[in-house]
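The structure presented is a predicted model; accordingly, all values stated were derived computationally and were not measured. Chain letters run A, B, ... following the sequence lines, proteins first and then strands; every chain starts at 1.
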Amino acid sequence: MSTSRSTVKELLNSSKQQPQIRVCGWVRSVRRGKDIAFIALNDGSCQGSLQIVVAASLLEAPALTALGTGACIAVQGNLVPSPAAEQSWELQADQLELLGGVDAAYPLQKKRHSFEYLRSIAHLRPRANTFGAVFRMRSALAFAVHQFFQERGFLYVHTPIITTNDCEGAGEMFRVTTLNPATPPMIDGRIDWAQDFFGNRAGLTVSGQLQGELFAMAFADIYTFGPTFRAENSNTSRHASEFWMIEPEMAFADLERNCEVAEAFFRYLVTYALEHCRDDLAFFNERIAPGLIDRLEQLVGGQFHRVSYSEAIRLLEQSGRAFEFPVAWGQDLQSEHERYLTEEVFAGPIFVTDYPQQIKAFYMRRNDDNKTVAAMDLLVPRVGEIIGGSQREERLEVLEQRMIAHGIEPASLDWYLDIRRWGSCPHAGFGLGFERLLMYLTGMENIRDVIPFPRTPGHARF
RNA sequence: UCCCUCUUAGCUCAGUUGGCAGAGCAUCUGACUGUUAAUCAGAUUGUCGCUGGUUCGACCCCAGCAGAGGGAGCCA
């Protein structure tokens, strides 16, 4: 048998007959007739499967008894036009080799499984149609993220995974230590972190933003794209303990510029998906989220609305709606409020800007009203908050005041303050949750189903 | 962490106002000259989540525990 391999995608898109083609993949279904059998073969290269046509007698070999749904095979034969309506090409096989057989215990069947069940077999679920589509789109969109920023001259910076900042204000950190948990060194009745590996309390990053700002003060436009860790005990369909985040940071940019870039970025990613992931989107549109493609096309052609936090509060107060949580200026917007705004009032993506300073992080730039900060959240229907960002406080004295007001010791972030001390400038940035983007693009409703091997409280198997 | 719901065959799910445990799919056997998650006929498949309680009798009612899902908070 030949050693070169054609992919199913190449063959399904072939423009001509091809003799003696070799193709390898996993069996989706076997349909046996008296004289002839059909095998649907998928190799992950695309949504579709290649129809293998094989003489029934060829399958009767003893070595092929374990050929069923899930088996891995290599096939050689001629690619010819298919006489049937469902596909234009099929492979007339003359050699078939079983690389890895299956037995009756194979958990994936040629039928629909629940996502909950598939999560319990996360090592096998990439072979399911839905997850093939999810992870092909995840790969494509990761590439699109880099392409957007590289086309615009942004520098890709790898910010650290391990950090000793204990005050980023973005959530609980996972502790990183080499101390023996049974007998840690003690000082004054508390653990002596000075004796730990890094000479300080260390943890996994909850955001690359602070280091991103440092690089923006040298390269002007930068972005990060990497894993992020939150040790929050969050049990929702849109939170994970380990997720991927994209965080651009731009010198010489204000909140307005920040929103412009965020909007262009989001539009670019949706457009990229529509142009490059057509087959997988068609699958989601048909099987997972009817109307998905229409919604994505409307978003690309439609408007991103802007509304200040204060205006949002007014809209909510005037809505006449009985919300579970009361609406009051100074209180953070609840999920039900955000959903009402993005799904009903504007029926599309909206930026909510200029939040009260007491409900936002210390590094967000204080507005001239001395009450609000130059923050922005991008809310989208069905997913909610997908981007959060702000113009950063570039004034040293104001930043120190805000840190103290937030209970953060300025000396603990002296390096962060230094860039305000020397050569400071206005700058802004935001964070996009990559998985939330994928949820929006695919219509998948649980973040655990757009991450290859999800980590959530109590779950780090696989 | 809080609130609600769920847990029955390998998978998806019915079910009994407390009285012999059910279907479809999968699997196996057979039929079928080109199928499309093929179709048709037959067969196999159970710790009814776990522990205890009530009862002549519990899959069903009660309590505790475990796991899962949805919602909330935190946020991306």
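The gap from the C1' atom of B:rA23 to that of B:rC48 amounts to 16 Å, rounded to the nearest Å. Between B:rA43 and B:rU7, the distance separating the two P atoms is 30 Å to the nearest Å. Using atom C1' as the reference point in both B:rU17 and B:rA26, the two lie 35 Å apart (nearest Å). As rounded to the nearest Å, B:rG15 and B:rU51 have C1' atoms that lie 25 Å from one another. Comparing the same atom, C1', in B:rG46 and in B:rA9 gives a spacing of 5 Å after rounding to whole Å.
Judged by distance alone, with hydrogens and angles left aside, the side-chain atoms of A:Arg138 form a donor-acceptor pair with the main-chain N or O of A:Val450 at under 3.5 Å. At distances below 3.5 Å, at least one donor-acceptor pair connects side-chain atoms of A:Thr271 with backbone N or O atoms of A:Arg267.
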**Message:** Counting primed atoms plus P, OP1 and OP2 as sugar-phosphate and everything else as base, spell out the protein contacts along nucleotides 6-14 of chain B at 4.0 Å heavy-atom distance: B, S or - for each nucleotide, 5' to 3'.
**Reply:** ----BBS--
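Stacking here means ring centres nearer than 5.5 Å and ring planes tilted less than 30 degrees, and by that measure A:Phe38 does not stack onto B:rG34.
Taking side-chain N and O atoms only, A:Arg436 has no distance below 4.0 Å to OP1 or OP2 of B:rC75. Using a 4.0 Å cut-off, no side-chain N or O of A:Ser335 falls inside it from OP1 or OP2 of B:rG71. Regarding contacts with the backbone of B:rU35, every side-chain N or O of A:Arg31 stays at 4.0 angstrom or more from both OP1 and OP2. Listed pair A:Ser237 / B:rG71 meets the phosphate criterion, a side-chain N or O lying under 4.0 Å from OP1 or OP2.
When each of A:Glu435 and A:Lys110 is assigned the nucleotide of RNA chain B bearing its nearest heavy atom, the one mapping closer to the 5' terminus is A:Lys110. Judged by closest nucleotide on RNA chain B, A:Asn235 is the one of A:Asn235 and A:Lys360 placed further toward the 5' end.
Within 3.5 Å, a donor on the side chain of A:Glu90 pairs with an acceptor on the base of B:rG34, or the reverse. Contact annotation: side chain of A:Arg230 to base of B:rA76, donor-acceptor pair present below 3.5 Å. Side-chain to base pairing of A:Gln87 with B:rU35: one donor and one acceptor N or O lie within less than 3.5 Å of each other. For A:Gln92 and B:rG34, a side-chain-to-base donor-acceptor distance below 3.5 Å is present, hydrogens and geometry of angles not being considered.
Checking B:rA68 for Watson-Crick or G-U wobble geometry (two distances, each under 3.5 Å) identifies B:rU5 as its partner. In this entry B:rG52 has B:rC62 as its Watson-Crick or G-U wobble partner, both defining distances falling under 3.5 Å. Base pairing analysis places B:rG18 opposite nothing; no Watson-Crick or G-U wobble pair with both distances below 3.5 Å involves it. Under the Watson-Crick or G-U wobble criterion, with both distances below 3.5 Å, B:rG10 is paired with B:rC25.
A:Glu242 has no carboxylate O lying under 4.0 Å from a charged side-chain N of A:Arg230, or vice versa, which leaves the two without a salt bridge. Checked for salt-bridge contact, A:Asp449 and A:Arg125 meet the test: a charged N lies under 4.0 Å from a carboxylate O.
Relative to the ring axis of A:Phe148, A:Arg152 places its NZ or CZ within 45° and under 6.0 Å from the centre.
The listed nucleotides are B:rG69, B:rG34, B:rG73; the one nearest the side chain of A:Arg448 is B:rG69. With distances taken from any side-chain atom of A:Glu86 to the nucleotides B:rU36, B:rC75, B:rC74, the minimum falls on B:rU36.
Distance, A:Leu379 CG to B:rC75 P: 14 Å, rounded to whole Å. Atom CG in A:Leu333 sits roughly 10 Å away from atom P in B:rC74 (whole-Å rounding). Note: CG (A:Asp103) to C1' (B:rA26) measures 13 Å, nearest angstrom.
A ring-ring contact (aromatic ring centres under 6.0 Å, His included) with A:Tyr156 holds for exactly one of A:Phe219, A:Tyr223, A:Phe149; it is A:Tyr223. Exactly one residue among A:Gln17, A:Gln18, A:Lys16 makes a side chain to side chain donor-acceptor pair (under 3.5 Å) with A:Ser14. That residue is A:Gln18.
Heavy-atom contacts from other residues, nucleotides or ligands closer than 6.0 Å to CD of A:Glu256 number more than 12.
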